[in-house]
Amino acid sequence: MTEADKVAQRRWFVLVGVRLAGVAGALLGLILIARAHDWAPKILGTAIVLSAMAMIGLVPRSLAHRWRSPEA
């Protein structure tokens, strides 16, 4: 395996890890919403879910754009 392949593999693992962390955050927010009895924790859970969804969509895309190979 070449050095370029190792770098690509590490970057792919980072992208997958970011997505999994976002999913875990969204699940945490959903659990908080489901178990909350007051409005304040439900609002916090909603904010966590929305930020996790943004993280799932935006962070991997921005990292992939940053790591894109230069035009040949």
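Quick caveat: nothing in here was measured; it's all calculated off a predicted structure.
For CE of M53, the number of neighbouring non-hydrogen atoms (other residues, nucleotides, ligands) closer than 6.0 Å is 12 at most.
R66 contributes atom CZ, which lies 9.5 Å from atom CZ of R11 (distance to the nearest 0.5 angstrom). Atom CG of L20 and atom CD1 of I56 lie 9.0 Å apart (nearest 0.5 Å). The distance from the CD1 atom of I43 to the CG atom of L32 is 11.0 Å, given to the nearest 0.5 Å. Atom CD1 of I31 and atom CZ of R35 lie 7.0 Å apart (nearest 0.5 Å). One distance of note links CG of L58 with CG of L63; it measures 11.0 Å at 0.5 Å rounding.
For L30 against V49, the heavy-atom pair with the smallest separation is N-CG2, 3.6 Å. Taking every heavy atom of both residues into account, G25 and A52 meet most closely at C-CB, 3.9 Å. Across all non-hydrogen atoms, the minimal contact from M55 to P60 is O-CD, 3.2 Å.
With sequence neighbours excluded, no residue forms a side-chain contact (heavy atoms from CB on, under 4.5 Å) with R61.
In this structure, F13 and V18 have side chains that are not in contact, with every pair of non-hydrogen atoms separated by 4.5 Å or more. In this structure, the side chains of W67 and V7 stay at 4.5 Å or more apart for every pair of heavy atoms.
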**Report entry** Residues H37, K42; criterion side-chain contact (heavy atoms from CB on, under 4.5 Å); working and verdict
**Finding:** CA-CA 8 Å; H37 298 291; K42 287 187 183 214; over 6 Å; no
